[in-house]
Amino acid sequence: MAELSVSVNGELTAAQVDPRTLLSDYLRDHLGLTGTHVGCEHGYCGACTVLVDGASVRSCLTLAVQADGRSVDTVESLASNGELHPIQQAFKECHGLQCGFCTPGLLMSVLELAATNPGCGRDEIREHLSGNVCRCTGYHHIVDAVEAALNSVREQGDGS
Amino acid sequence: MKPPRFAYCAPQTLPELLEILSEAGDEAVVLAGGQSLLPMLNLRLAAPSHVIDLDRVPGLDRIDGANGCVEVGAMVTHRRMETDPVVAASAPLARCAAGFVGYRAIRNRGTVGGSVAHADPAAEWPIVLLALDGAVDLASVRGWRSVAAEDFFESVYTTAKRPDEVVTSLSFGSRFAHSWGFSEFQRRVGDFATVAVAVACVMESGEVAEARVAIAGVADRPVRCPEAEAALVAGSRSAASDAAAAARDSIEPISDIHGSSSFRKRLIYAETQRAALQALRANGAGADDG
Ligand SMILES: Cc1cc2nc3c(=O)[nH]c(=O)nc-3n(C[C@H](O)[C@H](O)[C@H](O)COP(=O)(O)OP(=O)(O)OC[C@H]3O[C@@H](n4cnc5c(N)ncnc54)[C@H](O)[C@@H]3O)c2cc1C
Ligand code: FES
Ligand code: FES
């Protein structure tokens, strides 16, 4: 067993884990944060995407022990006080989801995009999200949602 | 699926790491970004006795530029290669190729050392190293050595690295750094290349004095194509097309689910021509082509 101490959505968590525990399973099984979805478990679908120290990673391709001492953000960090995050709101308004399986990973990828390249256009949005597979929407509404989300993030940025 | 059981350790210094590696034997693996190892563990294609995490070993994530050469620590991520100013200035081919490696989340964690140690024949870093006359630096309890890219890649997932050795850094030379081109065909942005081509030239008074054409996705390892290199040096007005035809005609590419051999031959032509044109245009030579 290995000692692990990792901040998840701003709260410090500590545990003893088998070193082979994936970060995705630590989040879901140990912490009950089942918002992070698991599809392929080999890096292709993107459903399990979370942020580690602000950068998107596949939680299925990260051992929990590799997150030791770091800070992890999951989809559960987005909404606060019952209010959707602007990115979530945009997905809702633009029909950026149907079954919702891919959505947590997409939202976290978009959160990274909003932080690092909020001024980007549709082509760059598509490129950034090429590692997030969605089997329902056909992607057009997702790109619409991300465009709208980046607009509202930019407006908020201008306002402050 | 989930990884099989293994013992895990995270050494804190390079000597400690090398000691552990020399004692652990062939069944141990080192863990860098995990973007190739974790899929293999999850699919149970690998069942190592020990997983030795490189993350806490200091000094493996430096990027040093001196005299136009760049030395990149093994633990430098693909994403850092895409954004680092020293890399952009001294090895612009490397910066360009970095953007083709996987998706953003893969680039955020995957490392250059892991990519060359893993030696996927379709990977970008090996052909960048070949095109820039680079080398792979290795350490073990027996000492240090540097292996030229040309001698490092032996076959699918197989390199000149011995089991007790760790890749410490990659060195990119300066001679080929400034006239370069890169082009690849991928089915979806971020997927592994079906065929990728890196071209780099040494220019002397506006002429190609030496050339490198390195191709991924066509054989059991990254290959150089001397016939295409000779066509670039010959320097006709249609040098890029000559090089593309030479590459297509001299290489018998593999067939797999991503593309038949004859499809890959067409890709070799197209990608070599594009990369060569880019390399020549950077110097205003051979610009009539294409
Ligand atoms: C969905 C997906 C798409 C991808 N697309 C691409 C792509 O388009 N192009 C591409 O090139 N790659 C691609 N990759 C692979 C990715 O680039 C990996 O990051 C890389 O191949 C391995 O680097 P790593 O740091 O993750 O190594 P790890 O996965 O940690 O290790 C891989 C192997 O190398 C060994 N190793 C690692 N570091 C060292 C070292 N310093 N010394 C000695 N041995 C070492 C390990 O023991 C292991 O055997 C993709 C991966 C995924 C999951
Ligand atoms: S579950 Fe991690 S990428 Fe598919
Ligand atoms: S909404 Fe169903 S997979 Fe994307």
Side-chain angles (χ1 to χ4, degrees), chain A residues 1-4 17-26 29 38 40-70 105-106 108-113 115-117 123-133 139, chain B residues 1-10 12 28-56 75 77-80 82-83 99-111 114 118 120 186-192:
Chain A
M1 298 300 262
E3 297 277 344
L4 174 69
V17 296
D18 189 337
R20 64 177 172 149
T21 309
L22 301 173
L23 179 58
S24 46
D25 291 331
Y26 178 68
D29 301 346
V38 171
C40 66
E41 276 187 344
H42 58 274
Y44 274 91
C45 74
C48 69
T49 305
V50 301
L51 303 189
V52 174
D53 292 342
S56 66
V57 310
R58 303 298 207 220
S59 60
C60 74
L61 297 188
T62 307
L63 295 174
V65 288
Q66 289 180 285
D68 184 39
R70 301 184 191 274
L106 271 161
M108 299 316 282
S109 294
V110 175
L111 190 62
E112 177 185 52
L113 186 63
T116 56
N117 191 7
D123 286 348
E124 283 168 291
I125 292 172
R126 282 185 173 273
E127 216 172 294
H128 186 82
L129 299 180
S130 70
N132 290 81
V133 174
Y139 300 105
Chain B
M1 284 205 290
K2 311 292 176 189
R5 273 207 176 80
F6 51 75
Y8 169 86
C9 65
Q12 308 280 324
V29 292
V30 300
L31 169 65
Q35 303 304 290
S36 295
L37 184 58
L38 264 291
M40 299 214 299
L41 291 172
N42 285 353
L43 295 165
R44 305 233 169 166
L45 297 172
S49 59
H50 293 74
V51 170
I52 305 163
D53 194 343
L54 298 182
D55 192 50
R56 314 276 144 154
M75 289 296 280
T77 60
H78 310 312
R79 177 66 186 159
R80 250 183 87 201
E82 218 181 335
T83 52
F100 287 87
V101 181
Y103 321 114
R104 175 71 165 266
I106 307 295
R107 294 198 293 279
N108 281 338
R109 285 204 67 81
T111 67
H118 187 60
D120 190 300
Q186 42 187 204
R187 291 164 63 89
R188 192 171 55 143
V189 177
D191 283 0
F192 266 104

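Lettering of chains follows the sequences in order, A, B, ..., and the numbering in each one begins at 1.
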Visitor: Residues two or more places apart in sequence or in another chain: which of them pass ring-ring contact (aromatic ring centres under 6.0 Å, His included) with A:His128?
Guide: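 So A:His128 forms no ring-ring contact (aromatic ring centres under 6.0 Å, His included) with any residue.
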Visitor: Between A:Leu51, A:Thr49, A:Asn132, A:Thr62, which has the largest tally of heavy atom pairs under 4.5 Å with chain B?
Guide: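 Ranked by contacts with chain B, first place is A:Thr62.
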Visitor: Check whether A:Ser24 gets within reach of chain B through its side chain, its backbone, both or neither, counting any heavy atom under 4.5 Å.
Guide: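 Contact with chain B: none, neither part.
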Visitor: Can you tell which part of B:Arg107 gets under 4.5 Å to a heavy atom of chain A, answering side chain, backbone, both or neither?
Guide: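 It is neither, since no heavy atom gets under 4.5 Å.
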Visitor: Given that the side chain runs from C-beta out, which part of B:Leu37 has a heavy atom under 4.5 Å from chain A: side chain, backbone, both or neither?
Guide: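 When you check distances to chain A, no heavy atom of B:Leu37 falls under 4.5 Å.
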Visitor: Testing A:Leu129, A:Val57, A:Thr116 for side-chain contact (heavy atoms from CB on, under 4.5 Å) with B:Arg104, which one passes?
Guide: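 Looking at A:Leu129, A:Val57, A:Thr116, the match for B:Arg104 under the side-chain contact (heavy atoms from CB on, under 4.5 Å) is A:Thr116.
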Visitor: So A:Arg58 and B:Arg109, do their side chains get closer than 4.5 Å, heavy atoms only?
Guide: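 A side-chain contact under 4.5 Å is absent here.
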Visitor: Against chain B, label A:Asp68 side chain, backbone, both or neither, depending on which of its atoms sit under 4.5 Å from a heavy atom there.
Guide: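 When you check distances to chain B, atoms from both the backbone and side chain of A:Asp68 fall under 4.5 Å.
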Visitor: Under a 4.0 Å N-O cut-off, is there an ion pair linking A:Glu41 with B:Lys2?
Guide: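 Yes.
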Visitor: Looking only at heavy atoms and a cut-off of under 4.5 Å, which of A:Arg126, A:Glu112, A:Met108, A:His42 has the most pairs with chain B?
Guide: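 Ranked by contacts with chain B, first place is A:Glu112.
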Visitor: Any side-chain heavy-atom pair from B:Asp53 and A:Leu63 closer than 4.5 angstrom?
Guide: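 The answer is no; the side chains never approach within 4.5 Å.
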Visitor: Which one, A:Cys40, A:Ser56, A:Ala55, leads in non-hydrogen pairs under 4.5 Å with chain B?
Guide: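 Looking at each of A:Cys40, A:Ser56, A:Ala55 in turn, A:Ser56 comes out on top.
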Visitor: Select all residues of residues 38-45 of chain B having any heavy atom within less than 4.5 Å of some heavy atom of chain A, and report them by number, or 'none'.
Guide: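 The residues closer than 4.5 Å to chain A, in numerical order, are B:Leu38, B:Pro39, B:Asn42, B:Leu43, B:Arg44.
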Visitor: Looking at A:Gly131, A:Ala2, A:Ser130, which has the largest count of heavy-atom pairs under 4.5 Å with chain B?
Guide: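 Heavy-atom pair counts peak at A:Ser130.
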Visitor: Below 4.5 Å from any heavy atom of chain B, which atoms of A:Leu22 appear? Answer side chain, backbone, both or neither.
Guide: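 Just its side chain gets close to chain B.
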Visitor: Closest approach of A:Pro19 and B:Tyr8, non-hydrogen atoms and distance?
Guide: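 Answer, listing the atom of A:Pro19 first, then B:Tyr8: CB-CB, 3.4 Å.
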Visitor: Identify which part of B:Arg188 has an atom lying under 4.5 Å from any heavy atom of chain A, answering side chain, backbone, both or neither.
Guide: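 Answer is side chain: those atoms of B:Arg188 sit under 4.5 Å from chain A.
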Visitor: Using a cut-off of under 4.5 Å for heavy-atom pairs, which of A:Thr21, A:Val65, A:Asp18 has the most such pairs with chain B?
Guide: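 Heavy-atom pair counts peak at A:Val65.
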